[in-house]
**Student:** 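Let me begin by handing over the structure; questions about it come next.
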Amino acid sequence: MRARSLVVIAALSVFALSACGSRVNDSGTPSGSLTQGGGVNTVSDTGVTANDIKIGVIVGLTSPLGPETFSGSLYGAKAYFDALNAAGGVNGRKVTVVQCDDHGSGPDNSACVRKLVDDEKVFALAGVSAFDYAGAPYLNSKGVPDVGGQPTSNAYDQYPHLYSIYGSYYPRDGKRPGYDGKLYAGTENYRWLKDNLSTRVAGVVYYNVAPSQRYAQSVADGLRHEGYTVVEKEINYFAPNFDAAVLDMKARGADVIFDAMEDNGNLSLCKSMQAQGLTVKAKVTTSQGWTDTFGKTFADTPGCRNTTYAISTTRNYNDTNYPAVARFRADMAKYQPAREGKLSIWTLEGYASALWLTDAMKSCDADLTRVCVEKYLNRPQDYNGDDLLTARNFTKLATPPDSDTNCINVVKWEDPAGSGKGGWVTQVKDMNTTCFTVPNLPYPAE
């Protein structure tokens, strides 16, 4: 179990930081409708016929990390494409989804990429959630666009034909990720907690392994920039003693807790907080923890569970008062009914990645080519996925900005929600107006 958890920590660390370092602004551009017309379709590019578009998806369905860890984006993408096909497809072309299970393995990921590119000859990828995207260099060398469902590796910060669901201003020139091996994150999450919950003393709990340490250091740096007193607690991964860490944080007045650990570590931390009487205003999880199953996983720690917050740049999938969210829920219920009760923010972002790729394909009318799709993806206008996403783009900047204006969505787990089943409840009036101009802080890509 410990060996398996180590790779989860690495994935959590990369994901949490890559999500923070996105290109996010406070204006949006609506995306297109499900159907459109125009022109006579031709065999215009690899993976495209007059009647069909072949799209690939890579996820880790049978990885050692479990069937749910890196699969949510697949179900969202498939639901979107099924609904798209039912509405007529893209200019009359239906989308055929070809999925490949990379087992959470780098070599198997490379095999999946070659299978999809060389054997299946897919036009593009969407909804990808690859723990080790070892096939990214080959995919990029073939000029295959990938609008990723979840950028759980640094590949989306490195290669020009890979497009993170979070947008990016990095050079993505195929060399080192980010700016010469450095990525950047804002401090908007810490600012919101400080302004809205009056948090002042932050505990940061992490393992004595490199990925966990790197992520924790970035969190601690951001907190200090926002004026927090930071209590850093390193846990011996192979002989953890959470009680000692919790008692010290309690003695030093910690009122908000961040961590760089997997679910097992988080659960142990919450159990220790409950046993030692440490109550906080907020226990902050990464958006990977933003799932329907969170309540069941933390059933034995209700105090910790009901102070857990998650922060992202995507609509809450429970907020069906927004038309695009209501459409997502209806499409999931119709085309992926087995996922009811297993939804996650990653499922919604997989759906949004399929939407973004589809809007790019629609812009090409009958003459659908990869060059045309990437022209749309690289345009300077912001994109918001029918208001599922805060506004973002792929406008490259020569140097990292000293500051940026980032907009966020904040949710909190509440047991009474969902007619007593529990669920995530939005804590901001609107994510498009919950925006902060904050410093951009560097952290190492690897």
Side-chain angles (χ1 to χ4, degrees), residues 9-26 133 136 148 150-160 162-194 202-232 234 256 258-261 284 286-288 311-313 390-408 435-446:
I9 295 163
L12 280 171
S13 302
V14 171
F15 164 73
L17 289 171
S18 66
C20 292
S22 59
R23 180 64 170 174
V24 180
N25 295 300
D26 57 1
Y133 208 160
Q150 276 306 323
T152 52
S153 77
N154 290 327
Y156 289 93
D157 301 315
Q158 186 171 7
Y159 297 106
L162 275 63
Y163 298 86
S164 163
I165 190 66
Y166 300 112
S168 175
Y169 49 58
Y170 295 128
R172 293 168 43 244
D173 54 10
K175 299 176 183 177
R176 300 182 69 190
Y179 294 97
D180 195 27
K182 289 184 178 180
L183 303 177
Y184 287 76
T187 62
E188 59 274 8
N189 296 2
Y190 320 125
R191 179 81 56 85
W192 186 90
L193 291 162
K194 180 178 66 175
V204 180
V205 185
Y206 58 96
Y207 288 127
N208 59 334
V209 294
S212 183
Q213 290 168 328
R214 283 197 299 269
Y215 174 48
Q217 187 59 58
S218 175
V219 171
D221 289 347
L223 286 162
R224 290 191 178 97
H225 257 79
E226 289 297 329
Y228 283 81
T229 298
V230 180
V231 182
E232 298 179 66
E234 184 172 277
V256 59
F258 297 82
D259 71 87
M261 300 182 297
V284 184
T286 68
S287 66
Q288 191 184 40
I311 303 176
S312 186
T313 55
T390 58
R392 57 206 61 188
N393 60 52
F394 292 98
T395 301
K396 296 179 175 64
L397 300 180
T399 58
D402 293 331
S403 63
D404 205 0
T405 300
N406 297 327
C407 306
I408 58 174
C435 306
F436 303 89
T437 300
V438 292
N440 264 344
L441 304 180
Y443 64 92
E446 298 169 338

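Keep in mind that this is a model prediction, so the values were computed, not measured.
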**Student:** What are the two closest heavy atoms between T437 and S403, and how far apart are they?
**Tutor:**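 T437 and S403 have their closest heavy atoms at CG2-OG, 4.2 Å.
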**Student:** In chain order, what residues pass the ring pair (Phe, Tyr, Trp, His ring centres under 6.0 Å) check against Y206, with sequence neighbours excluded?
**Tutor:**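 Checked Y206 against ring pair (Phe, Tyr, Trp, His ring centres under 6.0 Å); zero matches.
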**Student:** Work out which heavy atom in N406 is nearest to a heavy atom in G186; give both atom names and the distance.
**Tutor:**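 Closest approach of N406 to G186, heavy atoms only: ND2-CA, 4.2 Å.
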**Student:** Quick one: does S212's side chain have a donor or acceptor within less than 3.5 Å of a partner on A260's backbone?
**Tutor:** yes
**Student:** Do any N or O atoms from the side chain of Y228 and from the backbone of Y190 form a donor-acceptor pair under 3.5 angstrom?
**Tutor:** yes
**Student:** Could you tell me which non-hydrogen atom of G222 sits nearest to which non-hydrogen atom of L441, and how far apart they are?
**Tutor:** CA-CD1, 3.7 Å
**Student:** Below 4.5 Å, heavy atoms only, C-beta onward: do L183 and Y170 meet side chain to side chain?
**Tutor:**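 They are in side-chain contact.
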**Student:** Not counting sequence neighbours, list each pair that qualifies as a salt bridge (charged side-chain N to carboxylate O under 4.0 Å, His left out) and has a residue in residues 166-176.
**Tutor:**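 Pairs touching residues 166-176 that pass the test: R176-D180.
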**Student:** Can you tell me if N440 uses its side chain to pair, donor with acceptor, with the backbone of Y184 under 3.5 Å?
**Tutor:** no
**Student:** Suppose we screen for side-chain hydrogen bond (donor to acceptor under 3.5 Å, both in side chains). Which residues come up paired with E234, at least two apart in sequence or across chains?
**Tutor:** Q213
**Student:** For E232, which residues count as a salt bridge (charged side-chain N to carboxylate O under 4.0 Å, His left out) partner, sequence neighbours excluded?
**Tutor:** R224
**Student:** For a 4.5 angstrom cut-off between non-hydrogen side-chain atoms, does Y156 reach Y166?
**Tutor:**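 Result no, sub-4.5 Å side-chain heavy-atom pair not found.
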**Student:** Take atom NZ in K194; do more than 12 heavy atoms of anything else shown fall under 6.0 Å from it?
**Tutor:** yes
**Student:** Under a 3.5 Å distance rule, please check whether R392 uses its side chain to pair with a backbone N or O of I165 as donor and acceptor.
**Tutor:**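 Between the backbone of I165 and the side chain of R392 there is a qualifying donor-acceptor contact (under 3.5 Å).
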**Student:** Which value, rounded to the nearest 0.5 Å, describes the distance between E226 atom CD and T187 atom OG1?
**Tutor:** 3.5 Å
**Student:** Restricting to side-chain contact (heavy atoms from CB on, under 4.5 Å), what partner residues turn up for P160, sequence neighbours left out?
**Tutor:**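 Here the qualifying residues are N140.
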**Student:** Can you name the side-chain contact (heavy atoms from CB on, under 4.5 Å) partners of T229, sequence neighbours left out?
**Tutor:**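 Checked T229 against side-chain contact (heavy atoms from CB on, under 4.5 Å); matches are V201.
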